[in-house]
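To keep things clear, I will list the structure first and then write my remarks on it.
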Protein chains: 2
Amino acid sequence: MKKGSAELLILAILEDGQRHGYEVARQIERRSRGAISFHVASLYPMLYRLEGRGLIEGRWVEKAGQRRRRYYRLTTDGAGVLAAQRSLWQEFFTGINRVARLRNA
Amino acid sequence: MKKGSAELLILAILEDGQRHGYEVARQIERRSRGAISFHVASLYPMLYRLEGRGLIEGRWVEKAGQRRRRYYRLTTDGAGVLAAQRSLWQEFFTGINRVARLRNA
DNA sequence: GCCCATATGTTGTCACACCACATATGGCCA
DNA sequence: TGGCCATATGTGGTGTGACAACATATGGGC
């Protein structure tokens, strides 16, 4: 599934609070009930890009007897982009539905 | 808008009958009420790919005082792929909605 | 001792969306 | 007459982004 939705999904997950990468992936898979699964090769590079653009902020957290984790939180800019993305995707879905007649309900 | 939806959209338009490339693009823009617009650099290469995969079939139609047009029709294979695509996109949308909470209705 | 779940990452490849450009015809308007 | 717009088809080059495969590291269960 290559649809360019990673940005929207990650930002939406982080809206609920701080999460580390692996957790973000699990949340997306869980919340979508398996419909959308994330691959590491998409996930981590996308997290760096989002951080580079200032939409999310990460910090390393180390605990004894655990691999280090990088926790991300949504920035103010990130929240703005999330709102814009939501709106764009909503419009896109409506358009697709009109053209391809997906939804019966 | 780069979302990989071209295949679904084109097949859905051709489901209604024969159309030439430019007409397909106009139909998509019209039916989506401007939400989705197609660019020639995506449209024609995609039509060739679909034809190469046997999902659509094209034939040249020449009329005096008109530029030649290539009309495409949906093949049986194409109809099958369209059904599969519809199902996939439906699932994808449901997943996105669950994760990103787009739809209130 | 091995595999699995957790957790993070890189390299290389491929599909595809788009910008810019190109060609060709007819109609409208100044 | 000349230019622009709509129609209609196409190409070359660029960039993004999704994924396969591989790599590293820790703890727990069998």
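Proteins get letters first, then strands, A, B, ... in listed order; numbering begins at 1 in each.
Remark: B:Tyr22 is in phosphate contact with D:dT7, judged by side-chain N or O atoms under 4.0 Å from OP1 or OP2. Between D:dC19 and A:Ser42, a contact under 4.0 Å exists linking OP1 or OP2 to a side-chain N or O. An OP1 or OP2 oxygen of D:dT7 is reached within less than 4.0 angstrom by a side-chain nitrogen or oxygen of B:Arg26. Proximity of A:Arg68 to the phosphate of C:dT8: no side-chain N or O atom is located under 4.0 Å from OP1 or OP2. Between A:Arg49 and the phosphate of D:dG17, there is a side-chain N or O to OP1/OP2 separation shorter than 4.0 Å.
Among the nucleotides C:dT10, D:dT24, D:dG17, the one closest to the side chain of A:Arg67 is D:dT24. Nearest to the side-chain atoms of A:Tyr48 among the listed nucleotides C:dA17, C:dT8, C:dG9 stands C:dG9. Counting only heavy atoms from C-beta on, A:Tyr44 has its side chain closest to C:dT8 among C:dT8, D:dT11, D:dG10. Set against C:dG9, C:dA20, D:dA6, the side chain of A:Trp60 has C:dG9 as its closest nucleotide. Distance from the side chain of A:His39 is smallest for D:dC19 among the nucleotides D:dC19, C:dT6, D:dG10. Distances from the side chain of B:Ala41 to the nucleotides C:dA20, D:dT7, C:dT10 place C:dA20 closest.
For B:Gly4 and A:Gly21, each mapped to the nucleotide of DNA chain C holding its nearest heavy atom, the one lying further toward the 5' end belongs to A:Gly21. Residues A:Leu43 and B:Arg53 each lie close to DNA chain C; by heavy-atom proximity, the contact nearer the 5' end of the strand is made by A:Leu43.
The residue from B:Glu51, B:His20, B:Arg19 that alone fulfils the side chain to side chain contact (heavy atoms under 4.5 Å, CB included) condition with B:Arg70 is B:Glu51.
Between A:Arg30 atom CZ and C:dA5 atom P there is a gap of 14 Å when expressed in whole angstrom units. Between the CD1 atom of A:Ile10 and the P atom of C:dT8 there is a distance of 12 Å, rounded to whole Å. Whole-Å rounding puts the A:Arg19 CZ to C:dT8 P distance at 13 Å. Rounding to whole angstrom units, NZ of residue B:Lys2 and C1' of D:dT14 are separated by 9 Å. As rounded to whole Å, 13 Å separates atom P of C:dA15 from atom CD of B:Glu7. One interatomic measurement links the two molecules: NZ of B:Lys3 to P of C:dA17, which rounds to 10 Å at whole-angstrom precision. Taking atom CZ of residue A:Phe92 and atom C1' of nucleotide C:dA17, one finds them 12 Å apart after rounding to whole Å. Rounded to a whole Å, the CZ atom of B:Phe38 is 11 Å from the P atom of C:dC16.
Contacts of A:Ser37 with the nucleic acid, taken as non-hydrogen atoms under 4.0 Å apart, are absent.
Rounding to the nearest 0.5 Å gives a distance of 7.0 Å between CD1 of A:Ile96 and CG of A:Leu102. The distance from the CD1 atom of A:Ile36 to the NZ atom of A:Lys3 is 10.0 Å, given to the nearest 0.5 Å. Interatomic distance, CD1 of B:Ile13 versus OH of B:Tyr72, reported as 15.0 Å (0.5 Å rounding).
Panel note: side chain A:Ser87, backbone A:Ala83; no donor-acceptor pair is recorded below 3.5 Å. Proximity of a side-chain donor or acceptor of B:Arg68 to a complementary backbone N or O of B:Trp60 within less than 3.5 Å is not detected.
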